Amino acid sequence: MKIILIGGGRPIYFLAQAFLGKDHELTIVNSDPLECSHLAGRLKARIVLGDGSDQTILEEAGARMADLVLAATPSDPDNLIACQIAQSRFGVRRVVALVNDPDNKEIFEGMGIGAISTSLRVASLIEQQLTFDQVTNLIPAGDGKVMISEVTLAESFPMEGKRIAEIDFPRDALIAVVMREGETIIPRGDTILGRGDRVLLVALSGSREQALRLLTGHGA
Amino acid sequence: MLDDKRVLIVGCGRLGSQLANRLNREGCRITIVDKDDSAFTALEEEFQGIRLKGDALDESVMKEAHVREYDLAIAVTGKDDLNLILGLVARELFGVPRVIVRVRDPSRSDSLGGFKFITVCPTNLAADSIVNQVESALAGGDTRPFDNPAK
Amino acid sequence: MKSLYVIVVGCGRLGAHLANLLSQSGHRVVVIDRDKESFSNLSSEAFSGFKVEGDASEPETLRQAKIGQADLLIAATREDNVNIMVALVAKKSFGVKNVMARVYDTRREGLYREMGLETVSPILLAGEEFFRLVYKALDAGGEK
């Protein structure tokens with residue numbers, strides 16, 4: 001998919017990593033020159049400097065060909081207008097905005113814009129990452145390129161109730177052991193993960209974050 | 001109808017560039033001054049006037065601007081005070097017979113009588129336009145959405 | 001004359017000027033601005049309405065201004081996107097019948113129309129006025 005992300009800060013950085021981890025073609029629009037050069041140095045994404053709610057900037061970012069536009073600035077008005085221009089001027093089918101004030105969700109949805117309430121989701125998830133106690137890093141191996149971690153599966157997570165084979169798990173990550181109610185299981189494709197399970201995850205650093213996200217619902 | 005009229009415009013912002021483009025199409029010979037080079041990108045390709053980069057109060061810029069006589073000077077920088085000074089310079093030093101200045105602060109636009117400039121206050125124009133719509137809607141005993149004056 | 005309940009969002013030059021004018025002609029006016037310093041633009045003689053300090057792109061601020069009762073909302077902040085969003089929310093979520101948004105970037109006017117919003121562009125109005133005056137000055141021999 002061709003994806004345009006508008007915004008900056010941690011939300012954009014994590015979203016970008018998540019999308020890049022799935023081989024999407026990514027363009028980030030950011031109005032701060034410093035942050036642009038920072039992002040350009042750290043992410044394999046095209047970076048466009050400018051106001052994402054400006055039609056010419058969106059065009060430059062490739063809005064005509066985009067499958068998804070996600071506006072995640074801290075300003076609801078900017079997100080709304082960016083999404084509105086993307087859908088009405090460039091015919092982008094999927095437009096999603098992070099809504100900073102949950103009260104605004106309705107107006108976004110009324111205009112055909114997918115609304116994610118930041119205060120409820122992304123912001124809290126990102127904060128959780130900082131005080132994350134679900135994951136214990138056990139052993140670094142292979143000159144630090146591989147990490148073995150123990151992960152406790154809690155609340156709801158993307159893999160919950162699914163057979164491991166059904167999941168698009170990163171190639172360079174492996175669920176080696178599942179510990180469930182005193183039992184130790186070597187998982188197979190038909191193993192179903194559930195809440196309360198503890199798993200040993202073996203992952204190369206490039207895939208670790210994506211694997212953790214599937215297991216916990218958030219990154220690390 | 002305005003063929004070959006010589007017009008000096010100081011300030012190539014949204015208003016200045018809009019005027020420059022339009023007056024250029026009307027056949028005016030324009031000199032436009034802005035301290036920021038990139039402001040001139042708002043001028044159309046067809047713009048045939050002179051672009052002068054620099055502070056309009058700077059002596060060298062003034063000299064360059066003054067190589068022509070002007071029929072009209074327009075001061076539309078972002079600063080009210082500067083526009084007034086520019087208006088005075090144009091009239092007193094350059095001897096430009098007609099001067100129009102933009103004044104953003106409505107309270108000031110009323111107290112400028114002494115300068116005898118023609119002033120345009122966008123704030124007043126917008127406010128008047130809105131108030132007129134409100135009053136005419138009320139006079140009609142009408143609660144329908146107001147008509148847009150621009151249409 | 002009927003008195004209207006008017007909400008003016010943004011207390012910069014235009015917002016304050018409008019609030020003064022409307023309040024003076026007997027309308028009930030509430031002004032909203034994020035920055036309470038900007039309320040000093042209101043005239044103590046002309047303005048007898050209310051002030052609400054807050055971000056109008058948060059619906060709660062509009063509720064504080066009793067938007068449910070408003071006959072007219074004028075969004076006149078410096079930011080086009082804020083004006084448009086506030087106007088949309090006023091119209092769609094709160095059912096305000098008359099809504100106007102000030103526009104800086106005239107290229108966006110078409111988009112706003114598509115959204116069913118009335119717009120006022122000081123720049124365009126000033127452009128027209130300038131042009132009229134230029135014609136008058138140059139064509140008719142001018143006035144000094």
Side-chain angles (χ1 to χ4, degrees), chain A residues 6-8 29-31 50-60 63-64 69-92 95-120 123, chain C residues 9-10 12 15 32-35 52-68 73-96 99-117 119 121:
Chain A
I6 302 165
V29 181
N30 185 295
S31 54
D51 171 4
S53 67
D54 185 303
Q55 194 170 326
T56 49
I57 297 291
L58 276 175
E59 180 152 31
E60 195 188 322
R64 266 178 218 295
V69 169
L70 202 161
T73 78
S75 155
D76 283 352
D78 292 352
N79 292 342
L80 179 85
I81 301 302
C83 287
Q84 180 63 22
I85 291 178
Q87 63 179 3
S88 76
R89 288 286 188 272
F90 298 114
V92 179
V95 290
V96 179
L98 292 198
V99 180
N100 299 280
D101 180 355
D103 228 5
N104 279 328
K105 226 176 147 198
E106 206 180 312
I107 188 84
F108 279 74
E109 283 166 352
M111 300 186 68
I113 298 167
I116 304 171
S117 180
T118 43
S119 48
L120 299 176
Chain C
V9 180
I32 301 175
D33 201 291
R34 273 196 289 225
D35 176 14
V52 172
E53 186 192 343
D55 182 345
S57 69
E58 293 172 1
E60 188 49 37
T61 307
L62 296 173
R63 283 188 206 108
Q64 264 181 50
K66 301 206 169 60
I67 191 168
L73 178 139
I74 303 165
T77 76
R78 283 174 191 284
E79 290 168 61
D80 279 353
N81 290 349
V82 170
N83 292 341
I84 292 314
M85 178 161 159
V86 169
L88 274 173
V89 170
K91 196 170 176 157
K92 298 201 170 172
S93 303
F94 293 105
V96 179
V99 167
M100 258 180 248
R102 164 214 233 158
V103 179
Y104 277 95
D105 185 349
T106 47
R107 293 172 306 167
R108 293 190 186 183
E109 242 180 340
L111 182 78
Y112 302 154
R113 293 257 158 79
E114 283 167 29
M115 295 167 145
L117 296 174
T119 55
S121 164

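Chain letters run A, B, ... following the sequence lines, proteins first, then strands; residues in each count from 1. Side-chain atoms are counted along with the backbone in the values below, which use heavy atoms only and exclude waters and symmetry mates. Treat the numbers as computed from the prediction; the structure is a model and nothing was measured.
With a 4.5 angstrom heavy-atom cutoff, A/Ser75 does not touch chain C via any of its atoms. Proximity to chain C (any heavy atom under 4.5 Å) is shown, for A/Ser53, by both the backbone and the side chain. At a 4.5 Å heavy-atom cutoff, the contact between A/Asp54 and chain C is made by backbone and side-chain atoms alike. With a threshold of 4.5 angstrom between heavy atoms, C/Leu88 approaches chain A through its backbone and through its side chain.
By the side-chain hydrogen bond (donor to acceptor under 3.5 Å, both in side chains) test, A/Asn104 pairs with A/Asp76, sequence neighbours left out. Residues passing the salt bridge (Lys or Arg N to Asp or Glu O under 4.0 Å) test with A/Asp51 are C/Arg108, sequence neighbours excluded.
Counting non-hydrogen atoms of neighbouring residues, nucleotides and ligands closer than 6.0 angstrom, the CZ atom of C/Arg63 exceeds 12 such neighbours. More than 12 heavy-atom neighbours from other residues, nucleotides or ligands sit within 6.0 angstrom of CD on C/Glu58.
A/Gln84 is not listed as a side-chain neighbour of C/Met85, based on a closest heavy-atom distance of 4.5 Å or more. Contact annotation: the side chain of A/Gln55 never approaches that of C/Asp105 to less than 4.5 Å [non-hydrogen atoms, C-beta and beyond]. Under the 4.5 Å side-chain criterion, counting only non-hydrogen atoms from C-beta, A/Pro77 is not in contact with C/Glu79.
Among all heavy-atom pairs drawn from A/Arg89 and C/Leu111, the shortest one is NH2-N, 3.2 Å.
Interface remark: of the candidates A/Leu80, A/Ile81, A/Asn79, A/Asp78, A/Ile81 forms the most heavy-atom pairs closer than 4.5 Å to chain C.
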